[in-house]
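Each chain gets a letter, A, B and so on, in the order its sequence line appears, and its residues count up from 1.
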Amino acid sequence: MASGHSHDDVRSHVQSYLLVFAALGLLTVVTVLVSYFPFGIAGGIIVALMVATVKGTLVAQIFMHLKSEAKGIYGLLLLTGFFLLGLFFLTIITVMSQQGDDISLQYQKSIETHHSTGGH
Amino acid sequence: MSSSEHHDESFIQKYVFSTDHKTIGIQYGITALLYLFFGFVLMMIMRWQLAFPEKALPIIGKWFGESRMPGGVMLPEFYNQLGAMHGTVMIFLGVVPLAVGAFGNYVVPLQIGAPDMAFPRLNMASYWVYAVGGLTMLISFLLPGGAAQSGWTSYPPLADLATDMGQTAWLLGMVFLITSSLLGSINVIVTILQLRAEGLTLMRMSFFVWSQLVTGFILLLAFPPLEVAGILQLLDRVIDTSFFIPSGLVVGGKALEGYSGGGSPLLWQHLFWFLAHPEVYVLILPAMGIVGEIIANNTRKPLWGYKSIVYSASFLGFMSFIVWAHHMYLTGMGTGISSFFQATTMIISIPSVIILTAFMISLWGGSIRFNTPMLFALGFIPMFGIGGLTGLPLGLNTSDVHLHDTYYVIGHFHYVIAPGTIFALFAGIYFWFPKITGRKMDEKLGKIHFWGSMLFMNIIFFPMFAQGLAGVSRRLWDGGVTYAHAQEVLHLNLLISQGAWGLCLFQFPFIFNFFNSIKNGEKVSDNPWEATTLEWAAAPSPPLPHRNFEVMPQVFRSAYEYSVPGEEKDFSPQNQEPLEA
Amino acid sequence: MVEIPYRTEIRPDTGVYNGKMGIWLFIASEVMLFGGLFSTYILLRVGAVSWPEGSEILNVPIATFNTMVLITSSVTMVMAWASLAMNNFSGFKTHMGLTILLALVFLVAKAIEYNAKFSHGLFPKTNTFLAIYFTMTGLHAIHILGGIVVNAYLWFTGEKMWKAGERQGLMNRVEVAGLYWHFVDLVWIFLFPTFYLLGGK
């Protein structure tokens, strides 16, 4: 076949699809349960992201056939991932480096002060 | 399929809903040129107000009605509409559709030896989505409150709260235009990577094709965050969310009601500039590609430093994603991150310099033919040079404190886009006209067009540096009349406006030449410029509908084999087999 | 008319056929689209004075159910392609049909969820948490709808292509649609914990 998948290839793939299905189901349960653990806010975010990344990797590698896909596709995804991280980190670093508090916080504080002094 | 299938195509199938990349390219081209002219007209009306603040524009002024120019005198609201739409129309409806939609679509499949783009129906869809987006933008002028008037940059809170319906139409229009662009960029990338003729390796591709490839990637990955921002601003305007509305906002002396607050105006700026910076490389790369083709062809020598040019263009595309906050130096960011963006901005100037230098070295020792395309290509070089150099004080955070939002910025970017990119696009039109129509445009009219444009472009934009350095802010409806620091440079407003109207006069030879030559231009052979690339060497003029080539070409050589020692002619087409050793 | 090359066969030096490269490029742009939205979430949350814990406002059980529904639909989708690869056309119809059905179940559950919010006076304009929640899940739901349309088209027209001997062509279309569908599932895999499970401030 032009796409390079023989019947036997596909049959063994089907096995891995079902295994991944089970794994994803399990990981979903895990991620919900773990959200009740007292990891703190930052810890909770890290754990949730880690589980989601594992799930996502399984979907990408096995369902989306990334494992056996052409190198160029990997390159495209790496490039995209790099730009994505740039978007996340550079934005948040820039905003957090604001001289003084975030605009929103400033206004919020001014409203609180207003109310506590009775406003006018 | 037999070729008789095509004689069976109805008028609609052949010319309106065509899937042939050449027809679509022409559709993009004509539409974009009309928008360029429209955007130019918008600016010429603005320049009246700047030259003669609050004076009535004779005769024409009254046509705009009481809501825009009562008694022929421009209202500030209308000035702002003209300003916001001039930028939007020129960039998104004019230059990019011409550079990528028209030139990319028409030339790329031919230069790589392909019968069409990879996805012809998707190609047709991207043109029509662009058409709808453009129409949305045009109609916005007629909506209650008028067209968008918060700048092409559309910053909240102003853009979020502006009462003109045109702002909402602008956002809708942008969503259509971005969608069109995404579909188009997918098509260009797949076409270039998958449909190259046999023997056409990546390093044998013309620089024009390389520039379209890098541009495709930039468009693909940089536009989506702006699509997000557009949707978020639409939601703010239509269902009163507070993505960009901070808490405690006071508008017109009263606390703003009806919004939850908690949003961030800076969020818009980040999402906007994440696209808008790479966008400027979308504006320049295809232009550099065109200039490269024309220089090689008219010096009868290979381009000097082909590899450096290709690597530079790729590096440029990559770096363009991590410099954007140099547009935001004055938003109060910390010195650390500000220095990061300054560093990346300085680094990104290097590949541009490499490309420009390579073009200049390419001229050395060449047998230069000074035809019209070559004049525009040569003119590009110093003009882009000025544009690029004047960008340096803007990229450095300390000097930008003084120059941000002044006329200096307007001078800088117009040098790059107007006598830069647009000159390259003119060059491309004169150059590829014979391939599209089988006839050449008139050389005398072409030279008049060139020299007039060259002169007036500089008259318009050079004085703006002086105004900016004196501190005249951009987007001022009265051109700075009320500011003490502007008084010394105010007289330049009249000069600049006269330059604009003069520039307009010199476009008429071009417009006449363009249409007249379709019918009456000198008939030429398939390869009148004696060029090496496949569109000239292997396809008839015009190329065959839906297949381009009689025989699908095979490639044996690199892109610019001019004056090869031992060969009979001073050019060796890519599909010509090499001489036996 | 000359055929466009590599529509069904793989081009040797790139390793893909045209449609596959096209869909991966599209997915890359969608990564940046949802990335822009996640970046919005981060900025709004960091700048907020207070931010609710997901379970305070949102319905975790329904969303967990929906997560399982979508994951299952991803399995049935890839099984639809695998059926074609093993020459089992009726298997394709069954699995593709299930995929579409599960997608509809997801949307119905979503509609129930949204309706519950609205009837409690919780709207996108109420606060920035809800604004970004409704926008991201809403856009995601629109992507699901798009996927349903494409999958339904393939379900209805697949037989014609199969019978006409364009088997590789149909397989490729299903593979391409499948890649899009898995991506939509992937986005939800990140959306779910972000909104429903994270703590507040």
Answer yes or no: are there more than 12 heavy-atom neighbours, outside R7(C) itself, under 6.0 Å from its atom CZ? no
Checking L193(B) against chain C: side chain, backbone, both or neither under 4.5 Å from a heavy atom? both
If you look at every heavy atom in S29(C) and L182(B), which pair is closest and at what distance? CB-CD2, 4.0 Å
Which bit of F223(B) comes within less than 4.5 Å of chain C, counting heavy atoms only: side chain, backbone, both or neither? neither
Check each atom of L232(B) against the heavy atoms of chain C and say whether the ones under 4.5 Å are side chain, backbone, both or neither. side chain
M552(B) portion near chain C, given a 4.5 angstrom heavy-atom threshold: side chain
Is the CH2 atom of W155(C) crowded by more than 12 outside heavy atoms at less than 6.0 Å? no
Between P115(B), G258(B), A222(B), G216(B), which residue shows the highest count of heavy-atom pairs closer than 4.5 Å to chain C? P115(B)
If one checks every heavy atom of T40(C) against chain B at 4.5 Å, the contacting part turns out to be both
How long is the straight-line distance from CG of L130(C) back to OG of S242(B), given to the nearest 0.5 Å? 11.5 Å
Would the number of heavy atoms belonging to other residues, nucleotides or ligands and lying under 6.0 Å from CZ of F119(B) be above 12? yes
Contacting moiety of I23(C), where chain B heavy atoms sit under 4.5 Å: neither
Find the distance between CG (L37(C)) and CZ (F243(B)) and round it off to the nearest 0.5 Å. 8.0 Å
Side-chain contact, heavy-atom cut-off 4.5 Å: P5(C) with L195(B)? yes
Note: L44(C) and G262(B) closest approach over all heavy atoms is CD2-O, 3.9 Å
Determine whether a donor-acceptor pair (N or O, by modelled atom type, separation under 3.5 Å) exists between the side chain of Q194(B) and the backbone of V16(C). yes
Does atom CD (E257(B)) have a neighbourhood of more than 12 heavy atoms from anything else shown, all under 6.0 Å? no
Interface moiety of I239(B) toward chain C, non-hydrogen atoms closer than 4.5 Å: both
Could you go through R196(B) and D13(C), starting from their C-alpha distance and side-chain angles, then the distance that decides it, and tell me whether this counts as side chain to side chain contact (heavy atoms under 4.5 Å, CB included)? CA-CA 11 Å; R196(B) 281 166 292 134; D13(C) 62 352; 3.7 Å; yes
Heavy-atom closest contact (N18(C) atom, A118(B) atom, distance): ND2-CB, 4.4 Å
Approximate separation, where rounding is to 0.5 Å, of M32(C) CE and F321(B) CZ: 6.5 Å
Could you pull out the closest heavy-atom pair between T241(B) and A131(C), with the gap in Å? CG2-CB, 4.0 Å
So what's closer than 4.5 Å to chain C heavy atoms on L235(B): side chain, backbone, both or neither? side chain
Counting only heavy atoms not in Y153(C), do more than 12 fall under 6.0 Å of its OH? no
Point-to-point distance, once rounded to the nearest 0.5 Å, from CG of L220(B) to CD of E30(C): 10.0 Å
Rounded to the nearest 0.5 Å, the CG atom of L221(B) sits from the CG atom of L33(C) at a distance of 12.0 Å
Tell me if the CD atom of E198(B) is crowded by more than 12 foreign heavy atoms within 6.0 Å. no
Gap separating the CD1 atom of I245(B) from the NZ atom of K125(C), nearest 0.5 angstrom: 12.0 Å
Residue pair L139(C), V228(B): steps toward the side chain to side chain contact (heavy atoms under 4.5 Å, CB included) verdict: CA-CA 10 Å; L139(C) 192 65; V228(B) 167; 5.8 Å; no
Which of F34(C), F134(C), Y6(C) touches chain B most, by non-hydrogen pairs under 4.5 Å: Y6(C)
Under 4.5 Å from a heavy atom of chain C, the part of F217(B) involved: side chain
Restricting to non-hydrogen atoms, name the atom on I4(C) and the atom on P120(B) that form the minimum distance, rounded to 0.1 Å. CD1-CG, 3.5 Å
